[in-house]
Asks: 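Could you have a look at this structure, given as structure tokens, before my questions?
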Amino acid sequence: MCGIAGLAGGDAARHESTIAAISASQRYRGPDGTMHTATRDGRAVLAMNTLLIVDPHADPGPYTDPGTGLVLAFNGEFYNWRRQAAAWGIEIGERESDAHFLLRAWAKIGPSCLDGLDGMFALSVYDPRTAKLFLARDRLGEKPLYWRLDGGRLAFASEVTTLTRYGPAPLVLRPEVTAIETPVGVDTPFQGIQLLAPATLLTFDVPTGSVDQMTWWHLEDRAPYTGTYREALAKFSTVLAEQIPLRVPACDFALLLSGGLDSAALAYLMRPPVCVTVRYPGQDRLDESDTAAVIARDIGAELVVVEPDPADFTRALPHMVRALDYPMGNASTFSEHMAYRKIADLGLRVVVGGLGPDEFLMGYVRQALVLFGPEKVLAAGLEAYRPLAAKLLHPAGEPLAPAEAVTRLVLRGPDPEGRIRDLVADAFARAGGDLARGLTLADLATAWRPLVMTSDKLASAYALERRSPYLARDLVELSYRLPASYKITDPAQGKRILRDAAKALGLPREVWASRDKLGFASPVPAWLNGQLAAWADGAIKTALADAPPAWRPLLETGLAPGGRFDRTRMQALMAAA
């Protein structure tokens, strides 16, 4: 994926070399050109690492509109840009791309053009006519964008660690990192650097140094769907058939194929030439490669199987940590990293994955636990999730309020300030009493950020564009609007409407009838308690000698053996790295 960086301020042009260095530090995001340009008034410098996908012969950015002087640095992809160009009367030349469309749309319509765009993006536009810098992110935060305000200047970049080159940013341990393994909201582990929130437009007025932010899209504003299930299934299937193929690139690409429902449906709708799956020899519980092989054979795709081992993990860890910017406990990041590395080795530039249905169509066991209660979930054949279900069992035997239940299920450590509890409570309040909607909004407020950011960062480290077709605007909004019963009726089988659509598409029964999701799970937690235990202990103890005091407790917890579902040791090891 591309990368962007820049600086706006009264003397921005004097710092051109600094922005060039910041941009160069993330150049692997865009191997087709790392360039920067100063605006004609000297009040902004914008830089871009370009990865050419739409047209491999297009010019690299940043892009300038000669008439207005607008300058654009853009990371992302718009899937409806040709249609919108026609609707808005914007001419596009033969060798031009969605970036040229965006620049002209902004010059003609201004920031209000964002509402008509469907895609993934992080963008910066400087307008010399008003001396204002605009930063914006897509609806669900697929593309990252960080910013900091210092000395009357605003600096931004696609990666948080690159902004530390602009000035000191002390490392801080946010309390949510021990609670749920990740900062939440707009916080980062670097003091003074913020993440621009999804669906947010930031306006920086250079003459006054003032910053204004507004949310330009609210998922919770969508009215509930009132049609029958049969009507909903027909509508859902139509939107799938319309939106997913729009995400098929003109070049060869790879699909991350776990063998589960989400990626399998993408395989049948997108027909990728290459499918990549990850398996671990001797770990039958984590192996869905047989199902992946059936799907790949059915659609005529080449199946590439990646088989990482413990030695691969020790070698990959430093690169993973550099790509991710800050530590996460999710061990599936290793599987994803190894898949991306293989795809890059194959010479491909686009990778597709199945993020989205779990959050919007009740695909997680934790959602079923809240909707049906722990006893019914365990009785449905999900006995392996008893440790998770136990968080909802208490002596009184009375059901917990949904917000309290969700909080217990997502917490992996102490929440002394109650911030996670407050985020979950706010999500349910915004859902207006709809339990399924509340679960989706709670996921987006807590667990979503590391998922979507990991996909972008690990892929970008290998100069890959990561696409998540299920995040199409029409599909997301429809899925959110559906009643809970259209999403789940069986505690062991969420995503009801997607299962029925997949069945109609002709997917194998073992896919649409599956009762437990695996995804790209990995045995890393077991390795860290087994054959890699001494190595992990050594790495953590070495880091403890130089760790900031606030980080020492997190590292120390990683020295204790963990259970099957315990990710503390993984997170501590990443923090050590």
Side-chain angles (χ1 to χ4, degrees), residues 1-5 21-34 47-53 60 74-77 120-122 141-146 156-165 182 188-190 193 195 249 251 253-256 274 276 278 304 306 308 312-353 355 449-468 520 522 524 570-571 573-575 577:
M1 203 62 246
C2 298
I4 63 174
I22 288 175
S23 182
S25 69
Q26 56 184 33
R27 60 184 175 272
Y28 45 82
R29 297 182 70 98
D32 295 319
T34 291
M48 185 168 168
N49 317 99
T50 304
L51 176 66
L52 295 172
I53 298 295
F74 169 55
N75 170 20
E77 195 89 39
M120 52 179 183
F121 57 88
E142 290 185 71
K143 299 295 119 185
L145 187 57
Y146 299 92
F156 64 91
S158 293
E159 297 186 357
V160 64
T161 46
T162 65
L163 278 183
T164 62
R165 292 171 176 262
T182 179
T188 75
F190 298 89
I193 301 179
L195 173 70
C251 57
F253 68 103
L255 170 71
L256 296 177
V274 178
V276 177
V278 181
V304 177
V306 182
D312 289 321
F313 178 75
T314 63
R315 289 189 292 264
L317 184 65
H319 187 262
M320 289 170 56
V321 173
R322 283 195 300 270
L324 292 172
D325 283 333
Y326 38 84
M328 300 178 187
N330 190 347
S332 65
T333 54
F334 174 56
S335 298
E336 201 170 353
H337 168 90
M338 297 301 291
Y340 292 145
R341 189 176 80 174
K342 183 63 177 179
I343 292 166
D345 288 344
L346 294 172
L348 302 176
R349 288 193 158 205
V350 179
V351 56
V352 174
L355 282 177
R449 172 174 159 179
L451 280 178
V452 71
M453 301 279 277
T454 293
S455 293
D456 172 84
K457 292 180 178 183
L458 291 179
S460 295
Y462 287 108
L464 295 171
E465 177 174 291
R466 159 72 192 229
R467 298 189 180 189
S468 300
F520 276 169
S522 84
V524 168
M570 173 70 173
Q571 186 183 19
L573 183 62
M574 294 191 75

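Nothing here was measured: the structure is a model prediction, and the numbers come from that model.
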Asks: Can you confirm whether C2 sits close enough to M48 that some side-chain heavy atom of one is under 4.5 Å from a side-chain heavy atom of the other?
Replies: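 In short, these two side chains touch, coming nearer than 4.5 Å.
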Asks: Return the CZ to OG1 distance between F156 and T162, rounded to the nearest 0.5 Å.
Replies: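 So the CZ of F156 and the OG1 of T162 are separated by 10.5 Å.
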Asks: Students often mix this up, so state it plainly: with edges at 30° and 60°, are the rings of Y462 and H319 parallel, tilted or perpendicular?
Replies: tilted
Asks: Would T454 and L324 satisfy side chain to side chain contact (heavy atoms under 4.5 Å, CB included), going step by step from the backbone distance to the final call?
Replies: CA-CA 6 Å; T454 293; L324 292 172; 3.9 Å; yes
Asks: Has S23 got a side-chain atom pairing as donor or acceptor with A5's backbone, closer than 3.5 angstrom?
Replies: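 No, the answer is negative, given that no donor and acceptor are paired below the 3.5 Å cut-off.
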Asks: Compare all side-chain heavy atoms of I193 with those of T164 and state whether any distance is below 4.5 angstrom.
Replies: yes
Asks: Nearest 0.5 angstrom please: I343 CD1 to L348 CG, how far?
Replies: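 So the gap between those two atoms works out to 7.0 Å.
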Asks: Going by an N to O cut-off under 4.0 Å, is there a salt bridge joining K342 and D345?
Replies: no
Asks: What is the distance from atom CG of D456 to atom CD of E142, rounded to the nearest 0.5 Å?
Replies: 9.0 Å
Asks: Please determine if K457 forms a cation-pi arrangement with Y326, meaning its NZ or CZ atom is less than 6.0 Å from the six-membered ring centre and no more than 45° off the ring axis.
Replies: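 Yes; both conditions hold, so K457 lies above the ring face of Y326.
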Asks: Would you say E465 and M120 make side-chain contact, with heavy atoms under 4.5 Å?
Replies: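 With C-beta onward as the side chain, the pair touches.
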Asks: Test F334 against D312 for side chain to side chain contact (heavy atoms under 4.5 Å, CB included), laying out the working first.
Replies: CA-CA 9 Å; F334 174 56; D312 289 321; 4.0 Å; yes
Asks: So, R341 side chain and M338 main chain: donor-acceptor pair closer than 3.5 Å or not?
Replies: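 No, the answer is negative, given that no donor and acceptor are paired below the 3.5 Å cut-off.
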Asks: So which atom in V274 and which in L346 form the shortest heavy-atom distance, rounded to 0.1 Å?
Replies: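 Minimum heavy-atom separation between V274 and L346: CG1-CD1, 4.2 Å.
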Asks: Would a 4.5 Å heavy-atom cut-off, applied to side chains only, mark P327 and V321 as touching?
Replies: no
Asks: How close do Q26 and I4 get, counting heavy atoms only, and between which atoms?
Replies: NE2-O, 3.0 Å
Asks: State, with a plain yes or no, whether a side-chain heavy atom of P249 is found less than 4.5 Å away from one of R467.
Replies: yes
Asks: If you look at every heavy atom in P144 and S158, which pair is closest and at what distance?
Replies: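 P144 and S158 have their closest heavy atoms at CG-O, 3.5 Å.
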Asks: How long is the gap from OG1 on T34 to OH on Y28, to the nearest 0.5 Å?
Replies: 11.0 Å
Asks: Compare every heavy atom of V350 with every heavy atom of L464, then report the nearest pair and how far apart it is.
Replies: CD2-N, 4.4 Å
Asks: Locate the shortest heavy-atom distance separating A157 from I22; write the atom from each residue and the value.
Replies: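 Closest heavy-atom pair between A157 and I22: CB-CG2, 4.3 Å.
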Asks: For L256 and R466, what are the C-alpha separation, side-chain angles and deciding distance, and is it a side chain to side chain contact (heavy atoms under 4.5 Å, CB included)?
Replies: CA-CA 10 Å; L256 296 177; R466 159 72 192 229; 3.5 Å; yes
Asks: Please assess S455 against L355 for the test side chain to side chain contact (heavy atoms under 4.5 Å, CB included), listing each intermediate value before the final yes or no.
Replies: CA-CA 9 Å; S455 293; L355 282 177; 3.6 Å; yes
Asks: Does either side chain, that of T50 or that of D32, offer a donor lying less than 3.5 Å from an acceptor on the other one?
Replies: no
Asks: Considering all heavy atoms of both residues, which atom of G76 and which atom of K143 are nearest to each other, and what is their separation?
Replies: CA-CG, 4.4 Å
Asks: Can you find a pair of side-chain heavy atoms, one from M570 and one from T333, that are under 4.5 Å apart?
Replies: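 Touching, per the 4.5 Å side-chain cut-off.
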Asks: Just how far is it from atom CG of L163 to atom OH of Y146, taken to the nearest 0.5 Å?
Replies: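 Rounded to the nearest 0.5 Å, the CG-OH separation comes out at 9.5 Å.
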Asks: So, taking the atom named CZ in R349 and the one named CD1 in I53, what distance separates them when rounded to the nearest 0.5 Å?
Replies: 6.0 Å
